[in-house]
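The block underneath contains the structure these notes are about, expressed in structure tokens.
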Protein chains: 2
Amino acid sequence: MIDVARAAGVSPATVSRVLNGSNSVSAEMRDRVLTAIKKLDFRPNQMAQGLRKGQANAVALLVGDIEQTHFSALTKQLQAALEVIGLNLILFNLGHSDNRLLDFLQRAPAMRLRGVVVALSDAIPKKAGPMLSALAEAGLQIVSVGQNLNRFDVPSVVHEERAATARSVRFLIEQGRRRIAYVGRIKGSAVGTERFRGYRAALLEAGLPFDEALVWDNAFRYAAGYDAVSRALEGGLEFDALQAGSDEMAMGAIAALTDRGVVVPRDVAVVGFGDVEMGRYLRPSLTTLSNNPAAAALTVREFFEPVNGRRPRRNLVLLERALVRRASA
Amino acid sequence: MIDVARAAGVSPATVSRVLNGSNSVSAEMRDRVLTAIKKLDFRPNQMAQGLRKGQANAVALLVGDIEQTHFSALTKQLQAALEVIGLNLILFNLGHSDNRLLDFLQRAPAMRLRGVVVALSDAIPKKAGPMLSALAEAGLQIVSVGQNLNRFDVPSVVHEERAATARSVRFLIEQGRRRIAYVGRIKGSAVGTERFRGYRAALLEAGLPFDEALVWDNAFRYAAGYDAVSRALEGGLEFDALQAGSDEMAMGAIAALTDRGVVVPRDVAVVGFGDVEMGRYLRPSLTTLSNNPAAAALTVREFFEPVNGRRPRRNLVLLERALVRRASA
DNA sequence: CTGAAAGCGCTTACAG
DNA sequence: CTGAAAGCGCTTACAG
């Protein structure tokens, strides 16, 4: 920076001012500095800036499991959205582990981050609440995606869960399905629980009995869907439809049904959750509830943009889901 | 840090020394400092350390497209491996764009990174070569995963491509297949080209004709496989096997075959590439070539670990792939 | 083995 | 509008 200052015949302070877009710089000075910067191909040291400003130009993304399509799609959109406003994305794959979350929260202050994006489907452990608040207190911008964390004072952008599942189950009922099973009421999963509630509500609302035997708990991935359905069929359970808590579970479930000669959708209609790309290429193609990671990412970005004009931000942004009807239901 | 020094009754220099594991600290001092650190829950400011040391404790990961399962699986393993040695992972999703790569390379010096991991399937543009070298010159550790970049002096950990595809095509020939198509000789894709070469080599080696009409070019994803096969069938092309350049293409291809009443594997045998989890749950399940992201990540990590004892590192690490035989071929 | 001092490369009150 | 100076929180030669 000193070199630039010398080349432009100004002080380092002035260089810094044009770098930071201070408006108290004369046009002439600004031009001279800009020219020098270009000529020397100068780029300010981000660590020095960060140290001085007390904050890195980086945001941490805490993600349940980047290998799940839903999370990788969101990560892609978030990275792109934040890069636009000059923020780097530091990725922490939590692998659905509470301990790793707590660990991160402990180490976070030392990183002097600009903020953290929490993209977790799992319920947040009690202990994390105060730590989140402390971080926010310290000037970090915290935003949750996919799960409402308002009770910890964390602004959240979430998709419909309960209402979406209810809509889908209602659709199944309209198609004449009566014994509708649900895979994905996962212990400790905030979204799994929400979706399950929508399922149950739709059932009761339609005057159908709610049968615990038709609710299967497990993880969110393929194997979980496959195993749950396999066990159900072995156990002689009868059902004519299945609502899954994720597309991956749904696809695993369809494999299990197919392996036992159960035809989808003739014998059992299946609806997934999340509209993963593969669902379109499955045969029968997967009926599912849509997801809008791009909109979520853009909304998250707003929280990191400089606020001009005191425009208050909503603490909770709700994104809609549509029932994407395809061949499996 | 000054607080810690005061609490321990030592100088900040000593605190720094125990923090950095310098061995020229007496046991007693060390204990006092450690106690004070624990009591005050002190964590050194990473930005200050980075500024002083001239390097952040972060590595950038350049990835083709995090939404492709292959990349997300690798990313997950890399993040975990690097975290073990205290390195943060800054994610840059390139979306297969040359411009974004060049852009990053330009901005990289200002970030003072510890290193960068290049995980790209696309051929590297000429201009990137010198920039990569310049970064390495500046003390960054650069490692390529998935593509051999030794010609730019970048150590690389790669999986078999050509040999693996050849193995798979040989297998198809042994099964009696004679008209074997290939989807995935993608212009600009380094790995796509390599895989294609293995395909052609196996054909010629077996004395089978190589037919350009049976080689389809496109992107790596589902739609590419679907569209290529749809067009081939519409064009009346005949083939009894298909080697795909990725699992996603293979699954898209299978959808297209199914839609036109072509039965897999009876009429057309299909082999994918990469052993994505979904392949196991497709019906028929997908025969494919394996992939070892965990081994790749661990190998990458070795390049970032402090070198003790001058143990020279290989510039090229080759990981094997196995033919994972399932129902589709 | 330990401490005082300089400095990493910036930014921002403070004067003018 | 501009510059000189202090300081962000560390680490590491340099003396002792």
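Residue numbers start from 1 in every chain, and the chains themselves are labelled A, B, ... in the order their sequence lines are given, proteins ahead of strands. Keep in mind that this is a model prediction, so the values were computed, not measured.
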Compute whether any side-chain donor of one residue and acceptor of the other, for H159(B) and N291(B), lie under 3.5 angstrom apart. yes
Looking across every strand, which nucleic acid part, if any, lies under 4.0 Å from T14(B) by heavy atom: base, sugar-phosphate, or nothing? sugar-phosphate
Below 3.5 Å, can you tabulate the donor-acceptor pairs from side chains in residues 73-84 of chain A to any protein atom, sequence neighbours excluded?
from	atom 1	to	atom 2	distance (Å)
T75(A)	OG1	F71(A)	O	2.7
K76(A)	NZ	D65(B)	OD1	3.1
K76(A)	NZ	D65(B)	OD2	3.3
K76(A)	NZ	E67(B)	OE1	2.9
Q79(A)	OE1	N93(B)	N	3.0
Q79(A)	NE2	E83(A)	OE1	2.6
E83(A)	OE1	R100(B)	NH1	3.4
E83(A)	OE1	R100(B)	NH2	3.0
E83(A)	OE2	R100(B)	NH1	2.7

Residue pair R17(A)/A48(A) against DNA chain C: nearer the 5' end by closest nucleotide is A48(A)
At 4.0 Å (heavy atoms only), tell me whether S26(B) reaches a base, stays on the sugar-phosphate, or touches nothing. sugar-phosphate
For Q55(B) and M47(A), work out which heavy atoms get closest and say how close. C-SD, 4.4 Å
Could you give me the stems involving DNA chain D, meaning stretches of three or more consecutive Watson-Crick or G-U wobble pairs whose two defining distances are both below 3.5 Å? C:1-3 with D:14-16, C:5-12 with D:5-12, C:14-16 with D:1-3
Rounded distance [0.5 Å steps], CD1 in I124(A) versus CD in Q147(A): 5.0 Å
Classify the nucleic acid contact of M47(B) as base, sugar-phosphate or nothing, counting any heavy atom under 4.0 Å across all strands shown. nothing
What distance, rounded to whole Å, do you find between the two P atoms, one in dA6(D) and one in dT2(D)? 23 Å
Answer with yes or no whether the side chains of Q68(B) and H96(B) bring together a donor and an acceptor at under 3.5 Å. yes
Do N57(B) and Q49(B) have side-chain atoms, one donor and one acceptor, less than 3.5 Å apart? no
Counting C-beta onward and ignoring hydrogens, is there a side-chain heavy-atom pair between F92(A) and L89(B) closer than 4.5 Å? no
Over all atoms of both residues, closest heavy-atom pair of I66(B) and V63(B): N-CG1, 3.7 Å
Could you work out the separation of dT12(D) and dG16(D) based on their C1' atoms and round it to a whole Å? 16 Å
D103(B): which residues meet the salt bridge (Lys or Arg N to Asp or Glu O under 4.0 Å) condition with it, sequence neighbours left out? R107(B)
Please identify which of these residues, I37(B), V10(B), T35(B), L19(B), meets the side-chain contact (heavy atoms from CB on, under 4.5 Å) condition with V4(B). I37(B)
Pick the closest DNA chain C nucleotide for A27(B) and for R112(B) by heavy atoms, then say which residue is nearer the 5' end. A27(B)
Determine the contact category for V15(A): base if any of its heavy atoms lies under 4.0 Å from a base atom, sugar-phosphate if only primed atoms, P, OP1 or OP2 are that close, otherwise nothing. nothing
Its 5'-most and 3'-most nucleotides having an atom under 4.0 Å from a non-hydrogen atom of chain A, DNA chain D is contacted over dC1(D) to dG9(D)
In residues 130-142 of chain B, what donor-acceptor pairs under 3.5 Å come from side-chain atoms, sequence neighbours left out?
from	atom 1	to	atom 2	distance (Å)
S133(B)	OG	G129(B)	O	3.1
Q141(B)	NE2	F303(B)	O	3.1

Within residues 50-59 of chain B, which residues have any heavy atom lying less than 4.0 Å from an atom of DNA chain C? L51(B), R52(B)
